[in-house]
Amino acid sequence: MARYTGPTCKLARREGSDLMLKSASRPLEQKCRLKTPPGGVKRSGGGRKMDYLEHLREKQKLRRIYGVLEKQFRNYYKRADRSTKATGLALLQILESRLDNVVYRLGFAATRAQARQMVAHKLVQVEDRVSNIPSMQITPGQRISLVEKAKKLQMVKDATVWAQTQEMPEWVDADFENMQGVYKQLPKREAIALEINENLIVEYYSK
């Protein structure tokens, strides 16, 4: 499947916020002018935004944070819309349950893109079975581990060292000594630290 391979800074500038596309140990603000969109024209603080544009930008922001292409994101929304839960929450939980995201949340990768690459290169196991499908949906209780080759990679070592200095999300449990972890439960909305208004995304697809 095709993936965006251009400058991540450009995407962050387009949305005007850090999309967590780079390692948290290297703040994006240090090298990227987030308030200046591509093209060099500064955003105006005043003026009334068109509703459609506001909804579109929120959708694009969330899609880019998780590294999901448009068609797949739309399918995730349709699935969330069929859920008995609030559509916005269901959408976020589906995205959080992707295998590449769980690897990232466990602290085995510095970014979601790095986690996706690890899965694609068969460095990740789900219940002791290697999976190379980044979009695989992980269910609560499933165990994620790294193959022996992955444990020796410097990028993995660097990621886990950083992760151990941070607060671990409450819905995952990582064992850094054995390089494995458990996806304990679906995350609650208040626990997902994203500056996203999912209601705008629901309104975007409801039109």
Side-chain angles (χ1 to χ4, degrees), residues 1-24 28 32 34 37-38 52-83 85-124 126 131-140 142 144 159 169 171-172 183 186-189 191-207:
M1 180 180 288
R3 291 288 173 187
Y4 176 80
T5 58
T8 54
C9 183
K10 184 176 180 180
L11 294 182
R13 289 173 60 195
R14 181 66 186 85
E15 306 307 334
S17 65
D18 189 345
L19 303 179
M20 295 176 288
L21 303 179
K22 289 187 176 293
S23 172
L28 195 62
C32 188
L34 296 181
Y52 173 79
L53 181 59
E54 187 177 10
H55 296 164
L56 174 63
R57 292 268 56 89
E58 204 70 6
K59 185 265 294 185
Q60 293 292 76
K61 186 190 301 184
L62 184 62
R63 186 173 69 79
R64 286 166 172 167
I65 286 174
Y66 287 94
V68 178
L69 294 179
E70 183 62 44
K71 183 177 180 180
Q72 190 172 30
F73 190 87
R74 190 184 306 115
N75 289 335
Y76 284 153
Y77 178 81
K78 291 178 180 177
R79 179 180 163 190
D81 195 36
R82 294 193 297 267
S83 171
K85 304 175 185 176
T87 302
L89 173 61
L91 176 61
L92 289 175
Q93 290 180 335
I94 289 171
L95 292 168
E96 281 292 329
S97 298
R98 284 173 53 100
L99 176 56
D100 55 359
N101 182 76
V102 175
V103 171
Y104 166 71
R105 290 296 194 184
L106 284 168
F108 300 149
T111 64
R112 289 182 177 87
Q114 189 180 93
R116 186 180 307 116
Q117 184 181 47
M118 289 170 61
V119 175
H121 289 179
K122 300 183 178 181
L123 301 178
V124 178
V126 180
S131 174
N132 64 344
I133 305 174
S135 62
M136 178 182 180
Q137 287 285 295
I138 305 302
T139 57
Q142 285 192 307
I144 312 301
W171 60 92
V172 296
Y183 185 53
L186 293 173
K188 298 177 182 178
R189 177 60 186 98
I192 304 176
L194 293 178
E195 294 183 3
I196 287 289
N197 184 345
E198 62 273 18
N199 293 327
L200 293 179
I201 300 171
V202 174
E203 291 175 11
Y204 172 85
Y205 282 109
S206 298
K207 292 184 176 180

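Source: prediction; values computed, not measured. Counting begins at 1 with the first residue of the sequence.
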As an exercise, state the distance from CG of Leu92 to OG1 of Thr87, rounded to the nearest 0.5 Å.
11.0 Å

Can you tell if the side chain of Leu123 reaches within under 4.5 Å of the side chain of Phe108, non-hydrogen atoms only?
no

Spacing of Leu95 atom CG and Gln72 atom CD [to the nearest 0.5 Å]:
9.0 Å

For Tyr66 and Asp100: C-alpha separation, side-chain torsions, deciding distance, then whether side-chain contact (heavy atoms from CB on, under 4.5 Å) applies.
CA-CA 9 Å; Tyr66 287 94; Asp100 55 359; over 6 Å; no

Kindly indicate whether the side chain of Asn75, heavy atoms from C-beta on, has any atom under 4.5 Å from the side chain of Arg79.
no

Atom of Pro187, atom of Gln93 and distance for their closest heavy-atom approach
O-NE2, 2.9 Å

Would the distance check show the side chain of Glu58 and the main-chain N or O of Glu198 forming a donor-acceptor pair, the cut-off being under 3.5 Å?
no

Heavy atoms only: give me the nearest Val102-Tyr183 pair and the separation to one decimal.
CG2-CD1, 4.1 Å

Once you round to the nearest 0.5 Å, how far does CZ of Arg64 lie from CZ of Phe73?
11.5 Å

Taking all non-hydrogen atoms of both residues into account, name the closest pair between Ser97 and Leu186 and its distance.
OG-CD2, 3.6 Å

Specify the closest pair of heavy atoms between Ala110 and Ala159, including all atoms of both residues, with the distance to one decimal.
N-CB, 3.6 Å

Within a radius of less than 6.0 Å around NZ of Lys71, do more than 12 heavy atoms belonging to other residues, nucleotides or ligands occur?
no

Is there a side-chain contact (heavy atoms from CB on, under 4.5 Å) between Arg116 and Arg98? Walk through the geometry before answering.
CA-CA 10 Å; Arg116 186 180 307 116; Arg98 284 173 53 100; 4.2 Å; yes

Closest heavy-atom pair, Arg189 versus Leu194, reported as atoms and distance to 0.1 Å, is NH2-O, 3.6 Å

Can you measure from CD1 (Ile133) to NZ (Lys122) and round to the nearest 0.5 angstrom?
10.5 Å

Quick test of your reading of the model: are Glu70 and Lys59 salt-bridged, counting only N-O distances below 4.0 Å?
yes

Any donor and acceptor pair, going by atom type alone, linking the side chain of Gln142 with main-chain N or O of Thr139 inside 3.5 Å?
yes

Ser206 side chain reached by Tyr77 side chain, heavy atoms, under 4.5 Å
yes

Beyond-backbone contact of Ile65 with Ile196, side-chain heavy atoms, under 4.5 angstrom
yes

Let me confirm one number: the CZ-CD1 distance from Arg105 to Ile192, rounded to the nearest 0.5 Å.
7.0 Å

For a quick test of reading the model, state the closest non-hydrogen atom pair linking Leu99 to Val126 and the distance between them.
CD1-CG2, 3.9 Å

Report yes if the side chains of Leu62 and Leu91 come closer than 4.5 Å at any heavy-atom pair, otherwise no.
yes

Determine whether a donor-acceptor pair (N or O, by modelled atom type, separation under 3.5 Å) exists between the side chain of Asn101 and the backbone of Glu96.
yes

I want to check something: taking the side chain as every heavy atom from C-beta on, are Tyr205 and Lys78 in contact at a cut-off of under 4.5 Å?
no

In this structure, CG of Asn197 is separated from CZ of Arg57 (nearest 0.5 Å) by 15.0 Å

